[in-house]
> 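Encoded as structure tokens, here's the structure I'll be asking about.
Please read all numbers here as calculations on a predicted model, not as lab measurements. Values below: every heavy atom of this structure, side chains too, minus hydrogens, waters and symmetry copies.
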Amino acid sequence: MTMNSQPHPAVGELLSRAHELGADRRNTNYAGGNASAKGVTTDPATGKDVELLWVKGSGGDLGTLTEDGLAVLRMDRVRGLVDVYPGVEREDEMVAAFDYCLHGKGGAAPSIDTAMHGLVEAEHVDHLHPDAGIALATAVDGEELTRQAFGDRVVWIPWRRPGFQLGMDIAAVARQNPQAIGCVLGGHGITAWGATSEQCRDNSLEIIRTAQRYLDEHGKPEPFGAVVPGREPLSTSELRARAAELFPVLRGLCSTDSRQVGHFTDAEPVLDFLSREEMPRLAALGTSCPDHFLRTKVRPLVVDTPADEPIESVVDRLTELHEAYREDYRAYYQRHAEPDSPPMRGADPAIVLVPGIGMFSFGADKQTARVAGEFYLNAINVMRGAESVSRYQPIPESEKFRIEYWELEEAKLRRRPAPKPLATRIALVTGAGSGIGKAIARRLAAEGACVVVADRDERSAADVAGELGDSDRAIAVTADVADEDAVAETVAATCVAFGGLDLVVNNAGLSTAKPLLETTAQDWDLLHDVMAKGSFLVSRAATRVLTAQRMGGDIVYVSSKNSVFAGANNVAYGATKADQAHQVRLLATELGEYGIRVNGVNPDAVVRGSGIFSSGWGAQRAAMYGVPEEKLGEFYAQRTLLKREVLPEHVANAVFVLTAGELSHTTGLHIPVDAGVAAAFLR
């Protein structure tokens with residue numbers, strides 16, 4: 001028997017349609033909505049025709065959907081579930097029943113919306129969360145607005161939690177309304193269908209564009225009311241500076257239950273919403289679409305201080321508002337929790353709105369934090385649309401709780417892979433454009449950290465950051481660590497990008513090898529400015545952030561064997577490395593009370609991949625020892641106890657060990673990474 005490995009034509013059509021719709025966030029939010037196709041193929045087990053359903057699986061994103069992200073089910077079995085459906089009170093059991101409908105192995109887990117796609121008779125079905133559609137779905141008179149906008153081409157379906165019963169409801173509407181191309185789901189989104197993939201896509205876009213046109217033609221110009229004095233946006237420079245100051249404080253507060261990563265946006269629609277008189281009322285109502293509040297929580301924390309209030313006063317008020325939010329969230333949980341409800345996941349806000357400055361969002365990683373912010377921007381657009389033609393009325397709080405603490409969502413959380421050791425950690429590595437710094441940045445990113453690649457060489461920094469991933473994983477910053485203002489800007493950029501700072505690696509360095517009488521004052525000043533002064537400036541700026549967060553942290557100095565080994569013709573380099581080494585001890589003593597650990601790594605003879613050795617130091621050392629420069633690493637290895645060459649990755653390993661958590665009670669330590677140089681043993 002020959003197995004057909006070629007995908008069914010319906011799969012290609014489905015993926016193409018999904019990518020087109022998912023690429024435009026006006027059509028649906030990230031990972032929101034789903035699409036499906038039905039088709040007949042040959043069953044390898046029987047050789048007979050079998051009708052299948054291909055539908056986006058749980059957790060996938062339409063814009064990047066692949067064949068592996070589809071759940072594949074037998075339609076005869078999906079339809080047969082109607083006969084064993086136990087009723088709405090037990091509809092959650094139907095998700096497990098979908099497993100008995102699967103065809104073949106592999107593929108994604110079926111989502112809660114599978115019934116919607118399987119029970120609607122049309123061959124192609126889309127379920128989307130467009131802002132314009134949800135605006136009508138969340139208007140207090142959404143049913144009437146839907147009739148006005150679409151006539152009988154689109155049918156209103158009252159709010160019902162996603163599940164098997166909703167799928168049956170939509171299927172019934174489609175059968176009873178042959179003229180209809182889709183429906184508006186109250187409080188939720190839209191669903192469209194078609195006989196072909198092209199027709200289904202066109203029907204989806206018709207619903208979205210018609211809804212938007214209705215809002216544009218009938219909406220009032222300022223649905224959020226007038227601008228409130230004191231809530232106007234600050235200038236761009238002031239706004240960014242204040243965001244950098246506030247973000248670590250907010251991150252520390254919002255990490256009370258579990259450490260978070262942050263995302264900031266000062267997009268014009270956000271700043272406009274925050275400035276308006278209706279903002280507090282609307283923010284208190286919370287979001288409505290299930291995908292929205294699953295990411296944003298039931299409602300945001302709104303800061304009520306003027307944008308230009310002194311930072312000390314704002315921090316004091318933030319502490320009060322945060323505690324009040326936690327109390328309110330605990331009360332929300334207690335109001336609605338049943339004996340079998342999952343335990344409360346945490347009472348910290350996911351969205352913080354600061355008028356005049358912007359929106360701060362939080363999550364277990366940068367992508368989650370960014371998407372939470374994007375979802376709240378969707379919610380702002382929804383509120384604007386609903387308020388422009390009616391009054392925004394999201395689903396009841398009790399229904400929000402039923403979804404937020406849905407056992408099916410809890411099961412999805414339990415399926416997530418265990419976090420990597422440095423997940424939720426934000427790292428700043430100086431001199432990370434090459435050599436040891438590049439290797440450290442790679443290792444920290446591989447272990448789950450968000451990494452800021454700082455280097456004087458803009459292109460090198462950008463290349464390394466690009467290698468590590470997109471801006472959810474790493475960013476590049478051009479910085480001269482000897483410049484106090486540049487260091488402050490680097491740390492501020494780190495905070496704005498990720499919410500704060502947890503792990504600092506003082507790695508930037510250079511070298512020169514000269515006898516005392518040939519060492520100039522300029523040589524001395526340059527080495528001390530970059531390594532001794534530069535490390536001091538970076539550590540000082542970072543400590544301001546670490547103490548504001550109140551979550552501890554790590555500062556690691558990449559010093560050198562030469563900090564303890566007295567060698568000839570090396571006075572400037574050796575002295576500045578000794579300075580760095582003693583900074584480790586001094587700062588470990590001073591910062592321990594804040595939970596900040598300060599440690600060092602003492603490498604030696606890291607030749608391959610080293611920016612220092614390739615910039616002339618290697619040639620000088622090779623000439624002094626009388627060996628070819630390309631053999632310098634091998635030469636150094638032979639003078640060690642282990643007879644092994646030290647590579648940048650070995651230094652990166654030591655940095656990881658110091659910061660990954662196993663040495664949580666260690667500070668003031670220097671780890672030699674020199675393959676064993678007895679003269680440099682620490683005493």
Side-chain angles (χ1 to χ4, degrees), residues 21 24-29 32-34 113 116 120 125-162 166 169-170 173-174 177 179-194 200-224 269 273 278 281-283 285-293 296 374-396 399-400 403:
L21 293 171
D24 188 340
R25 292 300 179 225
R26 292 174 297 181
N27 297 333
T28 198
N29 42 258
N34 24 70
D113 288 322
M116 178 192 308
V120 171
V125 179
D126 292 332
H127 169 58
L128 304 170
H129 299 149
D131 295 346
I134 305 175
L136 298 182
T138 56
V140 68
D141 52 351
E143 183 172 4
E144 174 60 21
L145 294 176
T146 298
R147 187 192 63 78
Q148 293 177 16
F150 300 103
D152 64 355
R153 281 178 67 75
V154 176
V155 182
W156 172 267
I157 294 182
W159 161 259
R160 185 184 290 279
R161 188 176 66 159
L166 179 60
D169 292 349
I170 296 173
V173 163
N177 295 272
Q179 81 290 348
I181 63 171
C183 53
V184 171
L185 309 180
H188 186 165
I190 70 165
T191 297
W193 47 79
C200 185
R201 178 206 63 196
D202 290 346
N203 289 343
S204 292
L205 293 176
E206 179 183 337
I207 295 174
I208 296 167
R209 291 165 181 169
T210 301
Q212 186 61 59
R213 186 165 58 250
Y214 183 86
L215 296 175
D216 293 341
E217 292 175 355
H218 295 83
K220 57 187 177 184
E222 293 192 350
F224 293 149
F273 174 65
E278 295 298 326
R281 173 181 67 86
L282 294 168
L285 290 174
T287 53
S288 186
C289 176
D291 270 20
H292 290 182
F293 59 77
T296 65
E374 291 174 359
F375 275 44
Y376 199 81
L377 177 56
N378 290 137
I380 291 172
N381 294 335
V382 166
M383 288 185 253
R384 179 182 292 107
E387 289 281 310
S388 73
V389 294
S390 178
R391 180 166 55 85
Y392 173 66
Q393 180 175 280
I395 62 175
E399 288 296 294
K400 294 181 183 183
I403 291 181

> Can any side-chain N or O of Trp156 pair as donor or acceptor with the backbone N or O of Leu145 at less than 3.5 Å?
no
> Is Leu285 close to Tyr392 at the side-chain level, that is, under 4.5 Å between some pair of heavy atoms?
yes
> Rounded to the nearest 0.5 Å, what separates atom OG in Ser388 from atom CG in Leu215?
5.0 Å
> How long is the gap from NE2 on His188 to CG on Asp291, to the nearest 0.5 Å?
6.5 Å
> My understanding is that only residues two or more places apart in sequence, or in another chain, count here; which of them pass side chain to side chain donor-acceptor pair (under 3.5 Å) with Arg281?
Glu278, Glu387
> Which value, rounded to the nearest 0.5 Å, describes the distance between Ile208 atom CD1 and His129 atom NE2?
11.0 Å
> I need the Gln148 CD to Glu143 CD distance, nearest 0.5 Å.
11.5 Å
> Go through the structure and list residues passing side chain to side chain contact (heavy atoms under 4.5 Å, CB included) with Ala192, not counting sequence neighbours.
Asn203, Ser204, Ile207
> Please determine, by modelled atom types, if Asp113 and Asn34 share a side-chain donor-acceptor pair under 3.5 angstrom.
yes
> Would you call Glu144 and Ser390 a side-chain contact if the rule is heavy atoms closer than 4.5 Å?
no
> Give, for atom CG of Asp141 and atom CD of Gln393, the distance between the pair rounded to the nearest 0.5 Å.
9.5 Å
> Would Asp202 and Glu206 count as a side-chain contact (heavy atoms from CB on, under 4.5 Å) here? Give the steps.
CA-CA 6 Å; Asp202 290 346; Glu206 179 183 337; over 6 Å; no
> I'd like to know if the side chain of Ser288 and the backbone of Gly187 have a donor-acceptor N/O pair within less than 3.5 Å.
yes
> Scan Val120, Thr28, Leu185 and name whichever one has a side-chain contact (heavy atoms from CB on, under 4.5 Å) with His127.
Leu185
> Within the side chain of Asn27, is there an N or O that forms a donor-acceptor pair under 3.5 Å with the backbone of Leu21?
yes
> So Phe273 and Phe224, would you call those rings parallel, tilted or perpendicular, with 30° and 60° as cut-offs?
perpendicular
